[in-house]
S.K.: 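Following this message is one structure expressed as structure tokens.
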2 protein chains.
Amino acid sequence: MAENRSSKPGRRGRPRQAEVARLAGVSQTTVSLVLGGNKQGIALHEDTRARVFAAARELGYVPDPAARRLAAARNNLLGVFSFTATFPTAVEHSYYPFLVGVEQEAAAQGYDLVLFTGSSSGGAQAGEPGALDRVRLADGCLFLGRHVPEDQLRRLVADGYPAVHIGRREELDGLAWVGADYVAASAEVVRHLTDLGHRRILLVREDDDAPASTDRERGFRTALAGAAGPLSAAGPARVVRTADPAADITAAWVRARVGEGVTAFVAEETDTGGAWRALHAAVAAAGLDAPRDVSLALLGSPPADLAGARQPTGFDIPRAALGAAAVRLLTALLAGEERAEPLVACGFRPGSTTGPPPGGPGTTV
Amino acid sequence: MAENRSSKPGRRGRPRQAEVARLAGVSQTTVSLVLGGNKQGIALHEDTRARVFAAARELGYVPDPAARRLAAARNNLLGVFSFTATFPTAVEHSYYPFLVGVEQEAAAQGYDLVLFTGSSSGGAQAGEPGALDRVRLADGCLFLGRHVPEDQLRRLVADGYPAVHIGRREELDGLAWVGADYVAASAEVVRHLTDLGHRRILLVREDDDAPASTDRERGFRTALAGAAGPLSAAGPARVVRTADPAADITAAWVRARVGEGVTAFVAEETDTGGAWRALHAAVAAAGLDAPRDVSLALLGSPPADLAGARQPTGFDIPRAALGAAAVRLLTALLAGEERAEPLVACGFRPGSTTGPPPGGPGTTV
DNA sequence: TTGTAAGCGTTATCAT
DNA sequence: ATGATAACGCTTACAA
């Protein structure tokens, strides 16, 4: 026998279908039928429907999500699981910007959200085996964060659990994801520079091979390949990799590159913003002004602590749009539909660090 | 008969306790007992335990949270319902700062969060009858926002549903709440001024009787009453109410008050920040500098658009702490415990708009 | 048109 | 020390 129900926490007086049925003078099945939207298209007396609705409203009936799920129906719950602290004090690592879109789209589609407090201190760590299984309570789940517990996620996916990762994640076969189109966005920024007349453009990137970095370089190269003029002329490498931007990107280095005819620098955005930060500082230290002496562009958004500085030309990752796209993809998955285009366009940000090259368009030195 | 299980989303091929039992050669009950941690302290053969664990690992058994929660009659879900748009684009109206604390504390207590997309555009509006009933899905729920659908909330509370409002809300009898201690915080700010030597201090408040305003005035008066010196000397009213701060708080007005011996102005924080904004502008327009000529304090935090200006002396509402306190109160409610202290202390913000009165401490003109 | 009954995968209460 | 067995609240085939 189950424990006395009044001693069960969180359930005091929560009405069930049986009680609604009693009040309405019908069977519990009928209540389920009426309240469940009658998917089977079974004929029901309008009278009965009305009485059931009235009774349900009077009692404040709400279906139990667990029971619903157990009975193989759906919850109208979408999970959100972050592998980094969900609401960290450091805002820049928060997933709030995504949540803006997730929440809006979820609302639009009639879903509530379950925030799995996965990785916060005190809660179950995402690393713990089985930590991810909690998400099965929801109809489907959104995942985000840098470090994914691959095994667990793979398992979930293999089991056919609807999961969508926010951010490109192709190493997990079969995992659906939505991501920002860094290639196109980067190309657009560089094209902006070539359109202004720049011919010698340098990309400063950090020394790792994350997809986000690779994509940006690809966009950079694409735009250069498509530009008119003496772009392919011999000269210094157009892409500079550095494991330690602060040490390598110095005022002297910038002066040297400018001396070689470089008129524009492009930095990739990373976690730390190291490349941009270093470039920014080095240009200033070299006594150069952007966009007067050189043009500067950032393939992404500036770190928060540089918010006071001049808005860099670049692009913004449409976090809210990504969140919304993720929800759309997830609900499509739930409906058994095919996945759509996973890439979301980034918005070009004109900023004010770019202009024509000092010597006029097309100048190479 | 239920639908073929392979068509049930998220459930394909997941082994259940029954299968583990079969493999281990025990009953399903025993599996539950062993895997469930044996809370009842029932004696079990080490052999049996080992066999069950082995079988579970071999099959990759993972308990179904829905089933678990259905049987256990709780779901470890805490609801969050906001009466204003949950994730509005305008960050200043978002409840994110509260969520930081809510999420951390919830995680610490082993709860996940359900974000009811109640008031967002597209979702069910909070005004709709029955919209609030969705929260019954969670073991308990946090509410926040200015405009509460009283009837629905009252009903929830009357039903014994564990609910906590973030922000003082005494008009709903029996509704638990946590709020910021504006009285103490305001008193501290004013005491800071009297300690500096100010004796003629004016409070500028808007003309409504919201609890938040009343509390601040009370703190203001408390501090003045407790200060040494000729504070009670006759003079202009120490509290000024205005329905239109921008119109009433002018440069001329400020000059007149200063002429009467006022050395410090205090404004309350409101939604619009109107009082502070007006005071700030008027003092500047009067050609006065804070803290050189007058001291200025704000009973709260400055509006976002004044973030660039000098940090006003005042206090900060500890939103994260409030969220955490709300969660603690809610879980206490769930455990059937008494409610604790509902007031959370605000942090004093030194700022840089206060200093000694121009003529030196104690000067009255 | 409505009701009966069989699950869904657990947990908890009994008997053995 | 273990195993039937009855809930938990719901959905859904099927009988009436």
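Note: hydrogens, waters and symmetry copies are ignored here, and every other heavy atom, side chains too, is used. Convention: sequence-line order gives letters A, B, ...; per-chain numbering from 1.
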S.K.: Can you find a side chain N or O atom of B:Q17 that sits less than 4.0 Å from OP1 or OP2 on C:dT11?
M.R.: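 So the side chain of B:Q17 is within the cut-off, an N or O lying under 4.0 Å from OP1 or OP2 of C:dT11.
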S.K.: Provide, to the nearest angstrom, the distance between the CZ atom belonging to B:R49 and the C1' atom belonging to D:dG3.
M.R.: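 Distance, rounded to whole Å: 18 Å.
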S.K.: Measuring to OP1 and OP2 of D:dT2, would you say a side-chain N or O of B:T48 lies under 4.0 angstrom away?
M.R.: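 So the side chain of B:T48 is within the cut-off, an N or O lying under 4.0 Å from OP1 or OP2 of D:dT2.
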S.K.: Which whole-number value in Å describes the distance from B:L33 CG to C:dC14 C1'?
M.R.: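 Computing the B:L33:CG to C:dC14:C1' distance gives 13 Å.
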S.K.: Name the atoms and distances for all side-chain donor-acceptor pairs under 3.5 Å in residues 162-169 of chain A, with sequence neighbours left out.
M.R.:
| residue | atom | partner | partner atom | Å |
| --- | --- | --- | --- | --- |
| A:H165 | ND1 | A:G167 | O | 2.9 |
| A:H165 | NE2 | A:R169 | NH1 | 2.9 |
| A:R168 | NH1 | A:D215 | OD1 | 3.0 |
| A:R168 | NH1 | A:D215 | OD2 | 2.8 |
| A:R169 | NE | A:E171 | OE2 | 3.0 |
| A:R169 | NH1 | A:G145 | O | 3.1 |
| A:R169 | NH2 | A:R146 | O | 2.9 |

S.K.: Would you say B:D112's side chain and A:T117's backbone share a donor-acceptor pair under 3.5 angstrom?
M.R.: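 Such a contact is found between B:D112 side chain and A:T117 backbone.
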S.K.: Does OP1 or OP2 of D:dG9 have a side-chain N or O of A:R68 closer than 4.0 Å?
M.R.: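 No, A:R68 has no side-chain N/O under 4.0 Å of OP1/OP2 on D:dG9.
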S.K.: Of the nucleotides D:dT11, D:dC10, C:dT10, which has the atom closest to the A:A67 side chain?
M.R.: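 Selected nucleotide (nearest to the side chain): D:dC10.
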S.K.: For the pair A:Y161 (side chain) and A:V135 (backbone), establish whether a donor and an acceptor sit closer than 3.5 Å, ignoring hydrogens and angles.
M.R.: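 Between the backbone of A:V135 and the side chain of A:Y161 there is a qualifying donor-acceptor contact (under 3.5 Å).
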S.K.: I need the CG-C1' distance between A:L35 and D:dC10, as an integer number of Å.
M.R.: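 Spelled out: CG on A:L35 to C1' on D:dC10 is 11 Å.
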S.K.: Could you check which of C:dG7, C:dT10, C:dT2 has an atom nearest any side-chain atom of B:A71?
M.R.: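 My answer, after comparing the listed nucleotides, is C:dT10.
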S.K.: Under 4.0 Å between a side-chain N/O of B:T30 and OP1 or OP2 of D:dG3, yes or no?
M.R.: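 Yes, because at least one side-chain N or O of B:T30 sits under 4.0 Å from OP1 or OP2 of D:dG3.
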S.K.: Looking at the side chain of A:Y61, which of C:dT4, C:dT11, D:dC10 is the nearest nucleotide?
M.R.: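 Ranking C:dT4, C:dT11, D:dC10 by closest atom to the A:Y61 side chain puts D:dC10 first.
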S.K.: Quick one: B:E46 CD to D:dT2 P, roughly how many Å, whole number?
M.R.: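 For the pair B:E46 CD and D:dT2 P, the rounded distance is 10 Å.
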S.K.: Within the side chain of B:T48, is there an N or O that forms a donor-acceptor pair under 3.5 Å with the backbone of B:L44?
M.R.: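 Not at all, since once roles are kept as given, no pair shorter than 3.5 Å links the two residues.
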S.K.: Quickly work out the A:Q28 CD to D:dC8 C1' distance and round it to whole Å.
M.R.: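 It is 12 Å, rounded to the nearest whole Å.
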S.K.: So, does the side chain of B:T29 form a donor-acceptor pair with the base of D:dT5 at under 3.5 Å?
M.R.: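 Check passes, donor-acceptor contact within cut-off.
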S.K.: In whole angstroms, how far is the C1' atom of C:dC8 from the CZ atom of B:R69?
M.R.: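 Taking CZ of B:R69 and C1' of C:dC8, I get 16 Å after rounding.
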S.K.: Using distance only, find each side-chain donor-acceptor pair of residues 50-58 of chain B under 3.5 Å and give its atom names and separation, not counting sequence neighbours.
M.R.:
| residue | atom | partner | partner atom | Å |
| --- | --- | --- | --- | --- |
| B:R51 | NE | B:A24 | O | 2.9 |
| B:R51 | NH2 | B:A24 | O | 3.4 |

S.K.: Round to the nearest Å and state the distance from B:N75 atom CG to D:dG9 atom P.
M.R.: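 Result: 12 Å.
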S.K.: Measure the distance from CZ on B:R16 to P on C:dG9 and round it to the nearest whole Å.
M.R.: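 Spelled out: CZ on B:R16 to P on C:dG9 is 4 Å.
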